[in-house]
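In what follows, a structure is listed as structure tokens, so that the remarks can point back to it.
Just so it is clear, the model here is predicted, and its values are computed rather than measured. Numbers restart at 1 for each chain; the letters A, B, ... are given by sequence-line order, proteins then strands.
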Number of protein chains: 2
Amino acid sequence: MPESTAKKPSRIQRRNRRVILDAALEVFSKHGYRGATLDQIAAEAGLSKPNILYYFNGKEDIHVTLLSQLMETWLDPLVELDPDGDPRREILDYVERKLTMSRELPRESRLFANEILQGAPRIEPELHRHLKPLFDEKCAVIAGWVSEGKLPPLDPQHLIFSIWATTQHYADFEAQAQVLLEPETDPRPRAQAHLQAMFGALLDLPAQ
Amino acid sequence: MPESTAKKPSRIQRRNRRVILDAALEVFSKHGYRGATLDQIAAEAGLSKPNILYYFNGKEDIHVTLLSQLMETWLDPLVELDPDGDPRREILDYVERKLTMSRELPRESRLFANEILQGAPRIEPELHRHLKPLFDEKCAVIAGWVSEGKLPPLDPQHLIFSIWATTQHYADFEAQAQVLLEPETDPRPRAQAHLQAMFGALLDLPAQ
DNA sequence: TTGTTTTTTTACCATTTGGTAAATCCACGA
DNA sequence: TCGTGGATTTACCAAATGGTAAAAAAACAA
């Protein structure tokens, strides 16, 4: 019973749990929680369905484990925002890291987007536990920069929302961009230029 | 057979189709296509399941009808962008209309977000037929303003993406905002100020 | 009222899907 | 080599779900 009181997991257990979670990421991010089936995950993982249920307590367990495990990766770019760095540089670099992440981890982006869209029923506790404190901390950092006159007066919370929205857009709404832009071409180089110009302009605003 | 060669639909037919589509909007926007069930829609509409299937050919028919019918409403704010207006005013007003729409029609926003996130399997033809031409047209308008020197050099396509992303964010990711901001409080007044400042700064950039 | 058409309900059905029990297989240490 | 516990498969099941057939009811035209 790998799920009971944590003994040390065997090599096989670690490998298969990883294989399953990777397959689940693929399937959940493509079809959403309800749209994904254990059979699809099993096929993607190359394992049988009962075998998957040997490693996890059920569909929801897989989903929650996946979200929890990816939360850290997902928040990493924001963690790196340095209170002691140059404010303008720090924020523009954060935009760039987020955009890079939307290119390199689009499945993770869509996984979170799906979960939030449904009202975050399974990840809400994690949001309170990990996202909220980090968000508050970094908002305070930015607010500090503003009050020190190192940045023009701006709304830290909504600035961060704008960064999330604009960068994740390229992963979450990729299907739309495929229709509207040249397909087969990554729009992110031009997106990068645009976003740097846009947030740069906001940060360069003269103090009120 | 209301579905066959279009006779004039009766009063009952018009009413019930409207009731069903409204119920479907509620359910689909909350749970996504796969997450929604005909039973839920029937309960929400106050009709029996077979009765619903009397008015529509199936679950997918309801979904496609809903998306098609809402497409016009959804694109309306962009249609209103006037080539003969003041460029800066036109774009900032468009931002405001989109933000207002995300407050007044959040279900519609989430319905589209869900569909696009899944790869737009059922709405792709509509995107090509309605969204693409409008998008190209308005991009050309903005590009014209730029080349006339009425706007600083900017990327029309990605500008529009940024407007979509930032405004719809408040409907699509409402669950996240609920965790991070004061619940029970509409963040949009402050969002409005932030977005006007941000896009205003971009549009006020000196010509290169 | 009566006959006809439209609308609604009742009673189902086949498939899908998350999940389980139990038998079997297999890796590995003694 | 053999035994034991972990890993995997086989064969299922119950509930949910999209959908249908046909009877009953309601609406409506004459």
Side-chain angles (χ1 to χ4, degrees), chain A residues 1-28 30-67 114-115 118 121-122, chain B residues 1-24 26-28 30-67 114 118 121-122:
Chain A
M1 313 158 183
E3 66 273 21
S4 73
T5 52
K7 309 289 165 90
K8 48 199 69 170
S10 74
R11 204 173 345 119
I12 295 180
Q13 270 178 42
R14 274 203 309 279
R15 178 176 56 85
N16 279 351
R17 279 183 68 100
R18 198 151 29 84
V19 165
I20 291 169
L21 287 174
D22 190 64
L25 172 59
E26 183 70 26
V27 177
F28 280 135
K30 201 178 292 180
H31 304 287
Y33 180 75
R34 289 284 307 265
T37 70
L38 286 178
D39 291 289
Q40 286 174 301
I41 295 172
E44 182 78 28
L47 298 173
S48 68
K49 183 166 62 176
N51 201 6
I52 280 184
L53 292 167
Y54 173 73
Y55 289 103
F56 289 91
N57 286 324
K59 186 182 179 181
E60 187 164 345
D61 183 28
I62 300 177
H63 195 245
V64 171
T65 303
L66 194 57
L67 286 166
N114 256 311
E115 172 70 7
Q118 311 304 321
R122 280 168 289 276
Chain B
M1 311 159 183
E3 65 274 20
S4 72
T5 53
K7 309 287 166 88
K8 46 198 69 171
S10 72
R11 204 176 343 120
I12 294 180
Q13 271 178 42
R14 274 203 310 280
R15 179 177 55 84
N16 279 350
R17 280 183 67 99
R18 197 151 29 83
V19 165
I20 291 168
L21 287 175
D22 189 65
E26 184 70 27
V27 177
F28 279 134
K30 201 177 292 181
H31 304 286
Y33 180 75
R34 291 282 308 265
T37 71
L38 286 178
D39 291 290
Q40 287 174 302
I41 295 172
E44 183 78 30
L47 299 172
S48 69
K49 183 166 63 174
N51 202 5
I52 280 184
L53 291 167
Y54 172 74
Y55 289 103
F56 289 91
N57 286 323
K59 186 181 179 182
E60 186 163 347
D61 184 28
I62 300 177
H63 195 244
V64 170
T65 303
L66 195 56
L67 286 167
N114 257 311
Q118 312 303 318
R122 281 168 288 276

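Every residue was checked against the salt bridge (Lys or Arg N to Asp or Glu O under 4.0 Å) condition with A/Asp61, not counting sequence neighbours, and none meets it. Partners of A/Arg122 under the salt bridge (Lys or Arg N to Asp or Glu O under 4.0 Å) rule, at least two apart in sequence or in another chain, are A/Glu115. Residues meeting the salt bridge (Lys or Arg N to Asp or Glu O under 4.0 Å) test with B/Lys59, sequence neighbours left out: none. A/Arg34 pairs by the salt bridge (Lys or Arg N to Asp or Glu O under 4.0 Å) definition with nothing, not counting sequence neighbours.
The side chain of B/Ser48 contributes an N or O atom lying less than 4.0 Å from OP1 or OP2 of C/dT9. Checking the phosphate oxygens (OP1, OP2) of C/dT9, no side-chain nitrogen or oxygen of B/Tyr54 falls inside 4.0 Å. Close to D/dT9, at under 4.0 Å from its OP1 or OP2, lies a side-chain N or O of A/Asn51.
If you measure from atom CG of B/Asn16 to atom C1' of C/dT9, you get 14 Å, rounded to the nearest angstrom. Rounded to a whole Å, the CZ atom of B/Arg14 is 11 Å from the P atom of C/dT7. Taking atom CD1 of A/Ile52 as the reference point, atom C1' of C/dT17 lies 14 Å away to the nearest angstrom. Nucleotide C/dT7 holds its C1' atom 9 Å from the CD atom of B/Gln13, rounded to whole Å. The interatomic distance linking A/Phe28 (CZ) with C/dT17 (C1') rounds to 13 Å, in whole Å. Rounded to whole Å, atom P of D/dT17 lies 12 Å from atom CD1 of B/Ile41. Regarding B/Ile20, its CD1 atom lies at a distance of 12 Å from the C1' atom of C/dT7, rounded to whole Å.
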For nucleotides 18-27 of chain D, tabulate all protein N/O to nucleotide N/O atom pairs closer than 3.5 Å, reporting atom names and distance.
from: D/dG18; atom 1: OP1; to: B/Ala36; atom 2: O; distance (Å): 3.3
from: D/dG18; atom 1: OP1; to: B/Lys59; atom 2: NZ; distance (Å): 3.0
from: D/dG18; atom 1: OP2; to: B/Leu38; atom 2: N; distance (Å): 2.9
from: D/dG18; atom 1: N7; to: B/Lys49; atom 2: NZ; distance (Å): 2.9
from: D/dG19; atom 1: OP2; to: B/Lys59; atom 2: N; distance (Å): 2.9

Residues 38-46 of chain B side chain polar contacts: donor-acceptor under 3.5 Å, at least two apart:
from: B/Gln40; atom 1: OE1; to: B/Thr37; atom 2: N; distance (Å): 2.9
from: B/Gln40; atom 1: OE1; to: B/Thr37; atom 2: OG1; distance (Å): 3.4

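Taking both residues in full, the closest heavy atoms of A/Leu21 and A/Leu66 are given as O-CD1, 3.4 Å, listed atom of the first, atom of the second, then distance.
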